[in-house]
Amino acid sequence: MTYAIDGWFAHSPEDGARLLGTRCTACGTVCFPPRRGSCPNPRCPGTDMEALPLPRRGRVWSYTNACYPPPAPYVAAEPYEPVTLAAVELDEVGIVVLGQVKGLTVDQLEVGMELELTSGPLADGPLVWMWGRAS
């Protein structure tokens, strides 16, 4: 399976899509995308980051649609169809992750709506995480 971004998410038939983050062992700060080295918290001198599978559900924090295709190297479908994007605050860890929305338009979204992580292919084939209607 080809992922759009290696190491940022995983997909399995049993667990579905799962974002991969890291947590600082000194202060507990959670971040996505995963990182090595120093903690992203400017008040923490920690340098040990542990891998952490992130929650699959969250609530819409903000949303929009992309009416124009992004520039290269992004490969857009022909003809281009607007893409719905949502910033979702993940349950339990409180970080906000931006992603494409699968199967919903901006007219169907609202702030606070619960979404669940899923996945789907980009126009050129690689698999990427997406947000979808919570089951």
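It should be emphasised that the depicted structure is a prediction, and the values quoted were computed from it without experimental measurement.
- Here the side chain of Arg57 pairs no donor or acceptor atom with the backbone of Leu90 at under 3.5 angstrom.
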I would like to know whether Arg36 and Met49 meet side-chain contact (heavy atoms from CB on, under 4.5 Å); could you show each step before the answer? CA-CA 6 Å; Arg36 290 186 215 140; Met49 303 294 286; 6.0 Å; no
Apply side-chain contact (heavy atoms from CB on, under 4.5 Å) to the pair Glu92 and Val30, showing each step before the final yes or no. CA-CA 10 Å; Glu92 302 154 29; Val30 174; over 6 Å; no
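- Although no hydrogens or angles enter the test, the distance criterion places a donor-acceptor pair under 3.5 Å between the side chain of Asn41 and the main chain of Arg43.
- Of all non-hydrogen atoms in Ala76 and Tyr80, the two that sit nearest each other are CB-CD1, 3.7 Å.
- With Arg56 contributing its side chain and Leu117 its backbone, the two residues share a donor-acceptor pair below 3.5 Å.
- The environment of CD in Gln108 is crowded: more than 12 heavy-atom neighbours from other residues, nucleotides or ligands sit within 6.0 Å.
- Side-chain rings of Trp131 and Tyr63 stay apart, their centers remaining 6.0 Å or farther from each other.
- Taking the six-membered ring where tryptophan is involved, the planes of Trp8 and Trp129 are tilted, since the angle between them lies from 30° to 60°.
- With Ser119 contributing its side chain and Ala17 its backbone, the two residues share no donor-acceptor pair below 3.5 Å.
- Using modelled atom types, no side-chain atom of Thr84 and backbone atom of Val101 make a donor-acceptor pair closer than 3.5 Å.
- Arg35 contributes no side-chain N or O that, together with a main-chain N or O of Thr22, makes up a donor-acceptor pair within less than 3.5 Å.
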